[in-house]
Amino acid sequence: MDYTVTPLPVVVFADFICPYSYIALDQMEDLTRDYNVELLWRPHWLHPEVPPTGAAMPAQAAPEERRERTLAWLREMAPERAARMRFPDKLQFSLFAFEALEFAQDRGLVLPFKTAVFEALWIEGRDIGQFSTLQDAADKVGLDREELGRALSRQSYRNRVHDALQLARNAGVTKTPTFVLGSYRIAGWHYYEVFQTVMEKQGVPLRAVLGDPRAARER
Amino acid sequence: MGVEPPSYGPQQVLDEYIVEPASIPWRQGRIAGITFKCQILSDGADGGPEALRFRFDPSPSVFAHMHLTSQFQLLLHGRMDFPKSAMKLRGIAVHYTDHNLPYGPFAVADDHDMLVLHPKQGGLISMADHDARRQINLRGRQLHGAAADTEWIHLPGFENVRSKPLISPASGPYAVMIEYPPRAVVKLPHAPYGRYEVVLAGSAWVSGRELLAPGLRYVPGHKRVVSLEAGQDGATLMLLAFDQDAREGGLTGEGLSVAAAAAIERAI
């Protein structure tokens, strides 16, 4: 395959409620800037048992301690993101956000919209199980909030989301984020340099080498 | 002064390495704000095994790093939590990684005590090193198991012997805990890629020496395996066997391994 012409498909299976999926945003932005890839975000639902109103965090011996350890991990891996992150006090319901993602997909705005939803949860501390949160995210990226509200009320994308979730299960996805980069799969967050290695192994050239103006900077 | 610097020429590996930790001094260490005590059980300078014992002071975040060879961490006591995964180790527990496979950051607490066991010198590479990240083993395996989560199995044909496979032999590398009655003769199979045998409780006699917990023997690959004998109170052993990954990586004196050797030297 000539990846100077044809983009390498990169699929990210993720759930908005996963902090590790959130900190993968920067890496995927860098990847699309540096290489000729076609990025696709697909849902993998971590907690389908959670009702639309959300659920209490799983009972643990020391939830504060666990949160602190997760934050320590995030600070080392993504210090800028971690410094601004706000941890929700409950498990949130992801299904409406997955439906909204399909809505954005059909309107060519899935990539900025998914970022807006992640930031609503992890930066603004909002509940993505509420339509209003998703509609505000839609507003930010130029989607019609009223149209999205109607689509969510009518469950217009419910079947598509279920099909997408089944696709993730069929693909053997068990953790988020899971990245499929051409013939490589990376389960769980990883360093950007690992993605660079995978690109090189598959012969995907740097945009900068090709003189592509989309290569805003070299790493 | 830390471990002996690696020698890159032809080396003479012994038939077995026997270590009695009680006779080895502790030293204080500090790296990236983390403090610990350390014993160098076997320095690997002859091309043989590198075995270290660490007692980390409590820390919410031991930095992400990797080693250039296969590794077993045998957690004897305390806790190690890996926030990104479901790994929450409580001693006795085992954590295995292939060469060049990063892990962490992880938290340590509760009187941490751990053996770090390599088939050869592995060095230390912080994942803050961006160049090192390009040498991550993309197909590397990470395995773990805990004694508390594993049921005892009675071994057919061996009266009063029972075992716990913390990491199944089907995985490649394996970690199996075996309990022997007093004075039992322990005949172990060949270890084609090398195996550590650690006394967890009781004692074991080997080559005329009585090993108390956490004494250990390492048998390099393709060496003759001499039988052990359980002591008068029996012996509980942890067998930690490597597979073909043990032949990969190591301190070659080139590229990344120079930095890895220097980093472990500074740390301990």
Side-chain angles (χ1 to χ4, degrees), chain A residues 14-15 18-24 27 30 34 46 57-58 60-79 82 85 87 174-202 206 218-219, chain B residues 31-34 56-66 78-90 95 97-110 112 124-144 146 148 255-256 259:
Chain A
D15 190 334
C18 165
Y20 308 107
S21 297
Y22 172 59
I23 67 165
Q27 296 169 313
D30 288 348
D34 292 349
L46 285 173
M57 291 290 181
Q60 287 154 1
E64 285 304 316
E65 184 183 59
R66 182 168 188 264
R67 178 177 297 196
E68 186 50 43
R69 288 174 178 179
T70 302
L71 260 175
W73 191 98
L74 293 166
R75 279 190 210 106
E76 182 167 328
M77 298 304 174
M85 285 175 76
F87 274 71
T174 58
K175 58 164 65 173
T176 59
T178 290
F179 308 88
V180 179
L181 307 100
S183 58
Y184 281 76
R185 171 190 294 229
I186 298 172
W189 183 92
H190 228 308
Y191 301 100
Y192 183 68
E193 290 80 359
V194 167
F195 297 105
Q196 291 178 302
T197 303
V198 167
M199 291 292 116
E200 285 174 12
K201 284 181 178 290
Q202 296 181 105
L206 278 166
E218 265 190 87
R219 295 183 68 82
Chain B
I31 183 168
I34 302 152
F56 282 105
D57 293 325
S59 169
S61 189
V62 176
F63 64 98
H65 62 274
M66 67 181 184
R79 289 195 287 156
M80 290 172 64
D81 291 341
F82 295 72
K84 191 166 71 75
S85 74
M87 263 203 307
K88 314 234 176 299
L89 305 182
R90 307 285 181 270
H95 173 218
T97 43
D98 274 346
H99 79 285
N100 285 36
L101 189 80
Y103 56 93
F106 57 90
V108 290
D110 293 352
H112 175 264
L124 171 69
I125 291 290
S126 164
M127 299 320 297
D129 179 341
H130 287 250
D131 293 333
R133 295 176 185 177
R134 299 300 297 271
Q135 298 188 44
I136 288 172
N137 179 358
L138 296 179
R139 305 204 183 280
R141 297 163 298 177
Q142 184 172 27
L143 308 165
H144 65 98
L256 192 62

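Note that this is a predicted model, so its numbers are computed, not measured. A, B, ... follow the sequence lines: proteins, then strands. Residue 1 opens every chain.
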Checklist entry - Which atoms form the tightest heavy-atom contact between B:Pro102 and A:Tyr191, and what is the distance? => result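 In terms of heavy atoms, the two residues are closest at CG-CE1, 4.3 Å.
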Checklist entry - chain B: which of A:Val194, A:Leu71, A:Leu74 shares the most heavy-atom pairs with it under 4.5 Å? => result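 It is A:Val194.
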Checklist entry - Looking at A:Met77, A:Lys201, A:Arg75, A:Glu68, which one has more heavy-atom pairs under 4.5 Å with chain B than the rest? => result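 Ranked by contacts with chain B, first place is A:Met77.
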Next on the checklist: Heavy-atom cut-off 4.5 Å, strictly under: side chain, backbone, both or neither for A:Lys175 against chain B?
Outcome noted: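 Neither part, no heavy atoms under 4.5 Å.
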Checklist entry - For the candidates B:Ala128, B:Pro60, B:Ala107, B:Ala132, which exhibits the highest count of non-hydrogen atom pairs separated by less than 4.5 Å from chain A? => result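 Of B:Ala128, B:Pro60, B:Ala107, B:Ala132, B:Ala107 has the most heavy-atom pairs under 4.5 Å with chain A.
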Checklist entry - Is any side-chain heavy atom of B:Ser61 less than 4.5 Å from a side-chain heavy atom of A:Glu76? => result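 Result yes, sub-4.5 Å side-chain heavy-atom pair found.
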Checklist entry - Is there side-chain contact between A:His190 and B:Ile136, with at least one heavy-atom pair below 4.5 Å? => result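 Heavy-atom side-chain distance check passes, below 4.5 Å.
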Checklist entry - Pick from B:Gln135, B:Arg134, B:Arg133: which one makes a side chain to side chain contact (heavy atoms under 4.5 Å, CB included) with A:Thr197? => result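 Exactly one option meets the side chain to side chain contact (heavy atoms under 4.5 Å, CB included) with A:Thr197, and it is B:Arg134.
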Checklist entry - Considering only heavy atoms, which portion of B:Ala109 lies under 4.5 Å from any heavy atom of chain A: side chain, backbone, both, or neither? => result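 Interface part for B:Ala109: side chain.
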Item to check | Side chain, backbone, both or neither of B:Phe82 within contact of chain A (heavy atoms, under 4.5 Å) | outcome: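 No part of it gets close to chain A.
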